Each structure stands twice: as structure tokens, then as C-alpha cells.
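Below you'll find the structure, written out as C-alpha cells, and then a few comments.
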Amino acid sequence: MAKGPTDPLSPATRLTTAGRRPEWTGTGDQPGAVVNPPVWRASTHLYADTAALKYGPQRNEDGRFYYGRRGAPTQWALAEALTEFEPAAGPGGGTMLYPSGVAAIAGAILAAVRPGDVLVMTDNAYEPSRVMARNWLAQWGVETRWFDPTDPAAFAAALCERTRAVLLESPGSLTMEVQDVPAMAALAHERGACVILDNTWASPLGFAALAHGVDISVMSLTKHVGGHSDVMMGSATAGAEWYRKLRMGAQVLGQVVSPDDAALVLRGLRTMGLRLERETASALALARWLEGRPEIARVLCPMLPGSPGHDLWARDFTGGCGLFSMVLRGGTAAERDALVDALALFGIGYSWGGFESLVTPLDPAHARSASPWPLPGMDPADRFGIRLSIGLEDPADLQADLERGLAAWAAAA
Ligand SMILES: Cc1ncc(COP(=O)(O)O)c(C=O)c1O
């Protein structure tokens with residue numbers, strides 16, 4: 001969906017206004033006007049006559065009724081709202097919605113690569129992004145080269161004449177390495193490559209991706225934007241040129257999200273700023289406390305001064321979130337699992353960014369090929385860790401829960 005109003009509202013205010021076009025909600029002086037665009041359920045849109053039916057497909061424009069696969073006001077409102085948080089998308093820019101974050105990553109990559117091209121991917125990318133490249137894009141003749149996310153020279157060396165796309169993820173959602181996105185984008189553009197960023201961790205509230213040189217900013221809306229662990233969706237936001245390609249690809253591949261899901265995600269968006277503020281503050285407090293614990297070898301939380309990636313984070317980001325990781329001092333996988341199993345307030349499960357806290361074991365060695373694990377400078381015995389997604393609970397309760405977990409870890413040794 002193409003871009004909406006461009007007036008300079010602060011993000012906090014925009015969260016309350018975004019996507020609420022009067023033609024979708026009605027206006028206060030009309031009976032039946034509503035605050036949120038209603039859930040507009042339709043597969044078929046009816047035409048007045050055959051002339052109008054024939055005219056429909058010729059006018060493939062945003063915001064024009066055609067057939068359910070091209071959406072209706074509920075989906076258009078969400079897409080437009082997301083575009084409003086990336087003003088650098090400019091005129092003609094917009095957001096495509098996908099049924100999951102992985103589908104959005106696929107849509108972005110497919111918009112940019114053809115057989116014979118090279119995709120350059122950060123080594124800390126979400127594992128299914130790696131699997132997509134290795135097991136699937138390879139079958140279509142697209143080669144992928146991975147690089148150490150903390151090594152700009154390795155990134156430069158991975159680029160070549162055939163590089164048509166670059167996939168960054170900053171911070172990486174497991175090991176949290178921050179990449180120098182503006183510098184990498186400039187190098188990639190010299191080669192004519194499209195720069196795709198998985199911006200799920202920061203969202204545009206924390207990192208204005210397009211303003212930092214990214215061509216396509218992808219998010220798993222399943223995480224912070226949905227925010228309630230009950231809906232799956234993805235988005236890709238871009239300026240006019242890449243938005244046109246994303247849109248064509250999504251239409252050809254039949255990508256569509258349900259209006260019910262779009263309404264849930266739009267509802268989540270309204271409170272995302274407050275949730276992120278709270279989760280960030282709690283995560284920072286817990287990360288600081290964990291840093292001082294003797295059981296912890298390293299806290300991986302770029303928001304924390306002294307943690308890897310903090311300098312780049314402080315330079316480029318305006319916000320954070322509740323997701324961070326830590327590595328235990330020595331021990332085995334079984335001992336680490338005893339810690340995870342002892343936690344009562346942290347649910348054990350995939351995903352993150354919901355209102356409730358989650359924990360997953362962190363054992364990333366198998367999911368990287370171009371960078372070492374344990375990280376450089378770490379004791380090789382320090383391999384096992386956990387990833388925490390901090391929710392809206394009282395951080396004091398979460399700290400008490402983690403103390404219980406650390407005691408179980410020590411007892412299991
Ligand atoms: C960084 C990151 N990107 C993308 C995704 C995929 O999102 P989805 O689960 O909505 O497909 C995830 C899911 O965990 C993720 O962590």
C-alpha cells in the first residue's frame with residue numbers, strides 16, 4: 001500500500017493516527033464513523049456492470065477494489081500505517097504484507113535476485129533465512145555467500161560483480177551482533193545490489209532503516225507489532241522502485257493476509273511504543289544485573305554500554321527492545337537446560353516481542369558458517385547460553401525467576 005500523509009508527527013503521536021484514513025473510518029460528522037478501519041471481509045468485490053468489471057483489472061492501483069487477493073481497507077490501513085514510520089520511502093513508496101515474517105524475507109529476496117546472481121547474507125541471520133538460501137534459492141541458481149557480521153572487510157570481500165542482493169539483520173536475533181548498516185549499504189550500492197534488512201528487532205521506531213541506506217526493510221510483525229503472541233504476519237517496506245517490484249512479486253505469488261489478522265496487528269501497533277519502552281527498560285535493568293553475576297560469561301545486549309555492538313547501536317538507533325542473550329560460564333547443554341526448565345515466569349517457546357516473557361536455549365554454533373562461536377576473545381568453554389525476550393511483567397519478579405534458574409544451573413553442575 002502506498003504512502004499516506006507526510007506531515008512530521010512524532011512517532012508516539014503517529015502510532016495513534018497512522019492508517020486511519022477518513023474514507024476507511026468515516027469522519028466524526030458522519031453517522032457510523034469509527035476509530036479503527038473495520039474488518040472488511042471479502043473475496044469477491046462486485047462491479048456495477050461488465051464495463052466496470054473489465055476496467056477493474058486494468059487499474060491495478062493501491063486502494064482500488066478489485067478482488068480479495070489485493071486486499072481491502074483493513075489491510076490497506078495497516079500497510080499504509082507501517083509506511084508512515086519510514087518517511088524515507090518517499091512518494092510512490094509503500095509496504096507489502098505477507099502471511100509471515102519468513103514470507104516477507106522471501107518476497108524481498110525474490111524481488112531482487114535472478115538465476116546466476118549472488119546473495120550476500122550476514123552470518124547471524126535468522127536460521128530459516130539461511131535455510132531458504134541454502135536449500136531453496138540454490139535450486140534456482142542463486143548462490144549465497146555469508147560474512148562475519150562484525151567484520152566490514154569480510155563484507156566487502158563477499159561482494160562481487162554478480163551480487164544483486166544483500167541480507168542484513170541488525171542486531172542478529174540470537175547473537176545480537178550490530179552491523180554498520182550505512183557503510184555496508186554504501187558498498188553494496190556501488191555494486192548495484194539491493195540492500196535488504198531484517199529490522200524486526202528495532203522496528204522503525206528504533207532504527208529508521210530506509211533513512212540509513214536500506215532498500216527494503218523487512219519485519220516479522222508476529223513479534224513487536226502484533227505484540228500479543230496470537231498472530232503471524234510479515235511486512236516489507238520500500239521506496240517506489242523496490243515497492244513496485246515487491247508488489248508485482250507478491251501479486252504473482254498470491255501473497256495476501258486476512259483482514260482479521262490485519263486488524264489484530266493494527267491494534268498491536270497502537271501500543272507498540274509503550275510496550276517497547278517498558279520492555280527496553282526492563283531488559284536493560286536485567287542485563288545490567290546479569291552482567292554482574294559470576295555465572296554469566298557474557299551478556300549480549302547492544303543496548304548495554306560495554307556489550308558488543310554498543311557503539312554502533314548508540315550511533316544509529318533511537319530505541320531498543322526486550323530481546324537479548326547471555327552466555328553461561330562453562331557448563332554443559334544439559335546444565336543450561338536445567339536453568340531454562342527451572343524458570344516459572346518465562347515461557348519456553350519460539351518467537352519473541354510479545355507482552356509475556358519467553359526464554360529459549362542459545363546454542364548457535366550450528367547456525368553460522370563464516371564467524372566463530374564462541375565469539376572471539378571468549379573462553380572456548382563458554383558455549384551455552386539462553387536468549388530472553390523480556391515482556392511487561394515486573395522486572396523484580398523476572399529477576400527473582402532468573403535467580404531461581406541460576407541456582408538450578410549451579411545445582412545441576
Ligand atoms: C529476526 C527474525 N526475522 C524473521 C522471523 C520470522 O518471522 P515469522 O515467525 O513471522 O515468520 C523471525 C522469527 O522468529 C525472527 O526472529
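When a ligand or atom number is given, it counts from 1 through the structure's own listing order. The model shown is predicted, which means the values in this text are computed figures rather than measured ones.
Evaluation of the salt bridge (Lys or Arg N to Asp or Glu O under 4.0 Å) rule for Glu403 yields Arg293 as partners, not counting sequence neighbours.
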Identify every side-chain donor-acceptor pair in residues 250-257 under 3.5 Å, counting partners at least two apart or on other chains, and give the distances.
| unit_1 | atom_1 | unit_2 | atom_2 | d |
| --- | --- | --- | --- | --- |
| Gln251 | OE1 | Asn60 | ND2 | 2.8 |
| Gln251 | NE2 | Asn60 | OD1 | 3.2 |

List the atom pairs, donor and acceptor, that lie under 3.5 Å between side-chain atoms in residues 374-381 and the rest of the protein, sequence neighbours left out.
| unit_1 | atom_1 | unit_2 | atom_2 | d |
| --- | --- | --- | --- | --- |
| Asp379 | OD1 | Ala381 | N | 2.8 |

Distance dump, ligand 1 polar atoms to protein, N/O, under 3.5 Å:
| unit_1 | atom_1 | unit_2 | atom_2 | d |
| --- | --- | --- | --- | --- |
| ligand 1 | 3 (N) | Asp198 | OD2 | 2.6 |
| ligand 1 | 7 (O) | Ser220 | OG | 3.0 |
| ligand 1 | 9 (O) | Lys223 | NZ | 3.4 |
| ligand 1 | 10 (O) | Gly101 | N | 2.8 |
| ligand 1 | 10 (O) | Ser220 | OG | 2.8 |
| ligand 1 | 10 (O) | Thr222 | OG1 | 2.6 |
| ligand 1 | 11 (O) | Gly101 | N | 3.0 |
| ligand 1 | 11 (O) | Val102 | N | 2.9 |
| ligand 1 | 14 (O) | Tyr126 | OH | 3.3 |
| ligand 1 | 14 (O) | Lys223 | NZ | 2.9 |
| ligand 1 | 16 (O) | Trp352 | NE1 | 2.9 |

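Under the 3.5 Å distance criterion, with hydrogens and angles disregarded, a donor-acceptor pair is assigned to the side chains of Thr95 and Thr83.
The pair Asp123-Arg130 meets the salt-bridge criterion, since a charged nitrogen lies less than 4.0 angstrom from a carboxylate oxygen.
The distance from atom OG of Ser220 to atom CE of Met232, rounded to the nearest 0.5 Å, is 6.0 Å.
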